[in-house]
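Data block below; observations after.
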Amino acid sequence: MTMNRVNIDLRQALGFGGIANFVRNLSCNLPTTENIVFTGCTYLTRQNDSYKYEWFPGIIKRTILPSKYFFYSKFKLPFTYEKWMRSKSDFNIFLSFTLPVVRFEAPLVSTIHDIILLRTNSEPSAVVEEHKRILNKTIERSKYILTVSQNSKQDLIDYFGLDEKIIHVIPNGIDQQAFRRCITNAEETRMRKKYRLPPKYILNFGIYRNHKNIERLIEAYSKLPHYIRNEYKLVLTKSHPAIDDAIIRYAIGDDVRIIGYVDEIDKPVIYKLASIVYYASLYEGFGVPVIEAQAAGVPVITSNISSLPEVAGEGGVLVDPYSTIEIENAIERLCEDNIYRSQIIDRGLINSQQYTWDCASQKLVQFIHQIM
């Protein structure tokens, strides 16, 4: 039996955010196979001790060269990735799009999760152009591209003119057990006190960015009948000047709670205590909060564009994200129609079951077998 060697870049695995979660969870759930040896490749940082990678089901190799030299040098470094990592390989897999300025002896697989910056007006033009340059360079150097949804795959085909055969979809997963578990009365009391949570609330979870479409949520909420606003408050996790301005403009300050930073371990409980989750973005490569809400047993309002219908399946309330009337109507119906609400919750629970890290890791291994 031929033994295949695969280097997986773990540089971002100890970080925070969506890409870091993808790298860490996909890597730590890789199944043991008889014909693939996985090597986790990482870089020297102050916090980058080897024991922090005990979760990785393979060999760990760490260079003595700090990450900043690998990734931010103006010149291509005079050695190969394999040589500096001391790890010969049949394929090098990067689960993000940022690549080091070195040559690769073995074919390269990189991951482009989305093209949000290219499809939305969320950043200044100079930032967008630099991002586009980096993506073009990554595509040029890669033999295969991974992405997280069929919609993102089609976006890459349309925007960069890529052959669909080189793009493979590895969806995100979530910790199903964390979001599906029952919470105790004591835990609920503690969470409500810690985060100042109202008895019933509509939740928007995450940081502010233009494409997250939070201002339209605030406008739609302000138009709800007073008896609904009195019963269901609006909970946001992060403040921003644009959010503050919208709250003042629509005069709903008494009905809005901005709870601030949420500890990662508390995140599933914040979802489970919500009455509705709102995630009607203008564009997403995947949309993990949709799955998190579904697994937590909470109805989710999401967009009828980009990857969100694909991810939500039949378990979400799809709206035109540019229409505050549709958002308002969706909220009102979920608040008042219990039969409809239960149907959305049941369908969401079923849909979310397919998005596990075990499933995602199995798909990555299937892809490796396919390209070997």
Side-chain angles (χ1 to χ4, degrees), residues 1-15 19-20 22-113 130-131 133-147 166-168 170 361 364-372:
M1 179 182 293
T2 302
M3 186 63 67
N4 298 305
R5 301 164 299 178
V6 177
N7 287 335
I8 296 188
D9 180 78
L10 298 181
R11 177 176 55 98
Q12 295 174 289
L14 301 183
I19 291 181
F22 186 81
V23 175
R24 182 172 57 254
N25 286 295
L26 196 57
S27 300
C28 76
N29 284 279
L30 287 169
T32 301
T33 63
E34 295 182 355
N35 63 335
I36 301 178
V37 175
F38 291 106
T39 299
C41 299
T42 186
Y43 312 86
L44 181 65
T45 67
R46 292 178 182 176
Q47 297 83 24
N48 202 355
D49 298 318
S50 295
Y51 78 89
K52 292 185 177 180
Y53 294 92
E54 290 179 351
W55 44 264
F56 184 73
I59 305 164
I60 290 291
K61 291 289 183 74
R62 186 177 66 170
T63 75
I64 60 171
L65 184 67
S67 178
K68 66 179 181 179
Y69 294 112
F70 252 114
F71 287 86
Y72 303 109
S73 172
K74 293 182 180 179
F75 308 100
K76 185 173 289 188
L77 301 178
F79 45 79
T80 66
Y81 182 77
E82 291 85 348
K83 181 177 181 180
W84 200 252
M85 285 295 174
R86 293 164 296 141
S87 180
K88 288 284 187 180
S89 179
D90 296 299
F91 271 92
N92 295 298
I93 296 181
F94 280 69
L95 297 175
S96 68
F97 64 88
T98 53
L99 305 177
V101 286
V102 294
R103 292 183 293 108
F104 292 89
E105 294 176 13
L108 172 66
V109 179
S110 61
T111 305
I112 300 176
H113 293 247
E130 175 62 12
H131 185 69
R133 184 192 68 80
I134 293 172
L135 291 184
N136 273 312
K137 193 68 176 177
T138 296
I139 291 169
E140 178 185 321
R141 301 177 69 189
S142 302
K143 184 169 183 178
Y144 296 100
I145 303 289
L146 302 180
T147 193
I166 74 166
I167 309 173
H168 296 259
I170 310 292
S361 297
L364 179 59
V365 171
Q366 291 169 8
F367 162 72
I368 293 170
H369 282 139
Q370 181 180 337
I371 64 177
M372 288 299 187

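Position 1 is the first residue of the sequence, and the numbers go up from there. Note that these values count all heavy atoms, side chains included, but never hydrogens, waters or copies made by symmetry.
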Legend entry - N4 and H369: side chain donor to acceptor below 3.5 Å: no

Legend entry - Nearest non-hydrogen partners of R62 and R86, listed with the distance: O-NH2, 3.0 Å

Inset, instruction - Search all heavy atoms of P57 against all heavy atoms of L30 and return the closest pair with its distance. - result: CG-O, 3.5 Å

Inset, instruction - State, yes or no, whether a side-chain contact exists between C41 and I8 at a heavy-atom distance under 4.5 Å. - result: no

Legend entry - Note, D9 side chain near T42 side chain (heavy atom, < 4.5 Å): no

Inset, instruction - Check whether any side-chain heavy atom of K83 lies under 4.5 Å from a side-chain heavy atom of K88, and answer yes or no. - result: no

Inset, instruction - Using atom types as modelled and distance alone, determine if a side-chain donor or acceptor of K143 lies under 3.5 Å from a backbone N or O of L108. - result: no

Legend entry - T80-E105 side chain donor-acceptor pair, cut-off 3.5 Å: yes

Inset, instruction - Apply the test side chain to side chain contact (heavy atoms under 4.5 Å, CB included) to residues I19 and L95: give CA-CA distance (whole Å), side-chain angles for both, the deciding distance (0.1 Å), then the verdict. - result: CA-CA 8 Å; I19 291 181; L95 297 175; over 6 Å; no

Inset, instruction - Write down the atom of S89, the atom of A106, and the distance for their closest heavy-atom approach. - result: O-CB, 3.1 Å

Inset, instruction - Looking only at non-hydrogen atoms, find the nearest pair between E82 and R103 and report the distance. - result: OE1-O, 4.3 Å

Inset, instruction - Check each of L10, I59, V6 against T39 using the side chain to side chain contact (heavy atoms under 4.5 Å, CB included) test, and report the only one that passes. - result: I59

Legend entry - Min side-chain heavy-atom separation W84-P100 under 4.5 Å: no

Inset, instruction - Would you check if R5 and D90 make a side-chain contact, meaning some heavy-atom pair closer than 4.5 Å? - result: yes

Inset, instruction - Could you tell me whether F91 and F104 have their ring centroids closer than 6.0 angstrom? - result: no

Inset, instruction - Determine, stepwise, if the pair T98 / R11 fulfils side-chain hydrogen bond (donor to acceptor under 3.5 Å, both in side chains). - result: CA-CA 10 Å; T98 53; R11 177 176 55 98; 2.4 Å; yes

Inset, instruction - Could you tell me the separation between the CH2 atom of W55 and the CD1 atom of I60, rounded to the nearest 0.5 Å? - result: 6.5 Å

Inset, instruction - Give the intermediate values and the outcome of side-chain hydrogen bond (donor to acceptor under 3.5 Å, both in side chains) for residues Q12 and S96. - result: CA-CA 9 Å; Q12 295 174 289; S96 68; 2.8 Å; yes

Inset, instruction - Check whether the ring centres of F367 and Y144 lie less than 6.0 Å apart, and answer yes or no. - result: yes

Inset, instruction - Working to the nearest 0.5 Å, report the span between CD1 of I167 and CG of L146. - result: 10.0 Å

Inset, instruction - State, yes or no, whether a side-chain contact exists between M85 and Y43 at a heavy-atom distance under 4.5 Å. - result: yes

Legend entry - S87 and its side chain to side chain donor-acceptor pair (under 3.5 Å) partner, picked from N92, N7, T63: N7

Legend entry - S361 side, atom OG; Q366 side, atom CD - distance, nearest 0.5 Å: 11.0 Å

Legend entry - Flag, side chain of T111 to backbone of F97, donor-acceptor distance under 3.5 Å: no

Inset, instruction - Find out whether T147 and H113 are in side-chain contact, i.e. whether some heavy atom of one side chain is under 4.5 Å from a heavy atom of the other. - result: no

Inset, instruction - Report yes or no: does S142 contribute a side-chain atom to a donor-acceptor pair with the main-chain N or O of V109 at less than 3.5 Å? - result: no

